[in-house]
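Notes follow once the structure below has been shown.
These numbers were taken from a predicted model, which means no experiment stands behind them.
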Amino acid sequence: MQNDRLLAYFMILPVVIAVLAFVIGPTYNVATLSLTKIVMGQERGFGTFSNFTSLTADPVFWLVMKNTAIWILGGTCLCVLVGLGVGTFLAVDSKLTGALRALILLPWVLPDVVTAMAWKWMLHGQVGIIGQTLESTGMTEGTISFLGDPNLVMWALVVVLIWRKMPLVALILCAAIRSVPDDQIEAARMDGASPLERFRFVIIPNIAFSLTAVTVISMIWITAEFALPWIMTGGGPANASQIMSTYIYQQSFEFFNWGVASAMSVINLVMLASIVALYLYINRRSWASEGSE
């Protein structure tokens, strides 16, 4: 018994080393760099919070925080809600849904660059097919520059994000819905429950574990997303679509403010960990009850 346990420890040792090397190590370096003042590539002192205080005085940083909240919270909520609706539809057995289950993953498997460039062209203010279609059908008086309007650009990016991330969410929730015992649904139907009531009181409690997991995973995916907003807008116009990931990249590799960029990375990590911890705390009962089953 003891030998088997030692063998198990030995087998997971490479994973532990990889985590320490590729996760904890860089995180420690970023945290250290965030407390280091660097001027012209040279260190000018350690243990200072000047990088964080300079961020509070930066008006662009607060705009970035607002955009990031729209990006993460709005993107996650809409992605999960739309995915739940699509997953519910796909859970119904038919020839149409059978074909759609295979085709729906296409947006998710496309490379980020291909997706970003295609949507950038479709949303273009002058030659974009979406704006031209809206104008030709009389829905708008002229073409709309979705990516050039500061009031529209973030929501345009969120729409593209949902199109990109939702398919996998829908398939996961579809599988969870199809695993709900038929006898529970039939018993609720015989008791007079409407389709909406069966969905609310039978299906949702049964898929609570999967719903919680897919929400947390989506939140992490969306927080780490960089290529899509950077290729489509580059943070513009006038920083109207600048989010944490793009602003960190800009501060690091365009302005070479590594200390400030590291401070933003620490804030981003703390913010994400807090949101995930709060969500898991709120859903701890459903998580534990279904996980035990």
Side-chain angles (χ1 to χ4, degrees), residues 17-77 79 112 116 147 150 153-155 157-158 161 165 215-281:
I17 295 175
V19 170
L20 293 175
F22 296 106
V23 177
I24 298 179
T27 302
Y28 172 78
N29 288 336
V30 169
T32 302
L33 193 58
S34 69
L35 301 174
T36 304
K37 185 66 177 178
I38 296 180
V39 180
M40 297 299 291
Q42 296 183 353
E43 186 175 318
R44 292 287 187 269
F46 172 75
T48 174
F49 288 92
S50 60
N51 294 323
F52 294 92
T53 56
S54 64
L55 283 175
T56 60
D58 182 8
V60 178
F61 173 73
W62 297 110
L63 177 60
V64 169
M65 291 291 288
K66 174 187 173 183
N67 293 339
T68 303
I70 295 174
W71 179 253
I72 297 177
L73 299 180
T76 301
C77 292
C79 188
D112 287 336
L147 301 181
V153 61
M154 275 306 304
W155 294 108
L157 289 177
V158 168
L161 176 71
K165 302 294 185 182
T215 301
V216 173
I217 292 171
S218 298
M219 195 176 298
I220 295 172
W221 282 343
I222 292 172
T223 303
E225 183 66 47
F226 167 77
L228 199 65
W230 183 254
I231 294 173
M232 290 184 66
T233 65
N239 295 310
S241 64
Q242 198 82 262
I243 59 175
M244 270 292 194
S245 58
T246 59
Y247 199 48
I248 290 171
Y249 175 84
Q250 190 178 66
Q251 290 292 327
S252 299
F253 301 107
E254 291 187 2
F255 303 149
F256 300 105
N257 294 331
W258 297 309
V260 173
S262 298
M264 283 193 294
S265 299
V266 171
I267 294 173
N268 196 36
L269 177 62
V270 172
M271 182 173 61
L272 176 62
S274 301
I275 294 173
V276 171
L278 177 62
Y279 188 85
L280 292 178
Y281 177 77

Just wondering, do Ser262 and Asn51 contact through their side chains at under 4.5 Å, heavy atoms? no
Decide yes or no for Tyr247 and Asp58: does some side-chain heavy atom of the first lie under 4.5 Å from some side-chain heavy atom of the second? yes
Heavy-atom nearest pair, Leu147 first then Met232, reads CD1-O, 3.9 Å
To the nearest 0.5 Å, atom OG of Ser34 lies from atom CD1 of Ile267 at 9.0 Å
Got a second to check how far Asn67's CG is from Met154's CE, nearest 0.5 Å? 5.0 Å
CH2 on Trp62 to CG on Leu55, rounded to 0.5 Å: 8.5 Å
Is a side-chain donor or acceptor of Asn239 paired with a backbone partner of Val64 at a separation under 3.5 angstrom? no
So which atom in Ser241 and which in Thr233 form the shortest heavy-atom distance, rounded to 0.1 Å? OG-OG1, 2.7 Å
Flag side-chain contact, heavy atom, 4.5 Å: Leu161 against Trp71: yes
Side chain to side chain, Leu269 and Val30, heavy atoms closer than 4.5 Å: no
For Tyr28, I'd like to know if atom OH has over 12 heavy atoms of other residues, nucleotides or ligands within 6.0 Å. no
Scanning both residues in full, the closest heavy-atom pair of Val158 with Gly75 reads CG1-CA, 4.1 Å
Side-chain donor-acceptor contacts of residues 216-231 below 3.5 Å, not counting sequence neighbours, with atom names and distances?
from, atom 1, to, atom 2, distance (Å)
Ser218, OG, Val214, O, 2.7
Thr223, OG1, Met219, O, 2.7
Glu225, OE1, Lys165, NZ, 3.1
Glu225, OE2, Leu228, N, 3.3

Pair Ile275, Leu73 - check side chain to side chain contact (heavy atoms under 4.5 Å, CB included), show working. CA-CA 9 Å; Ile275 294 173; Leu73 299 180; 4.2 Å; yes
For the atom pair CE (Met271) and CE (Met264), what is the distance rounded to the nearest 0.5 Å? 11.0 Å
pair Met244-Tyr249: side-chain heavy atoms closer than 4.5 Å: no
Would the distance check show the side chain of Thr246 and the main-chain N or O of Gln242 forming a donor-acceptor pair, the cut-off being under 3.5 Å? no
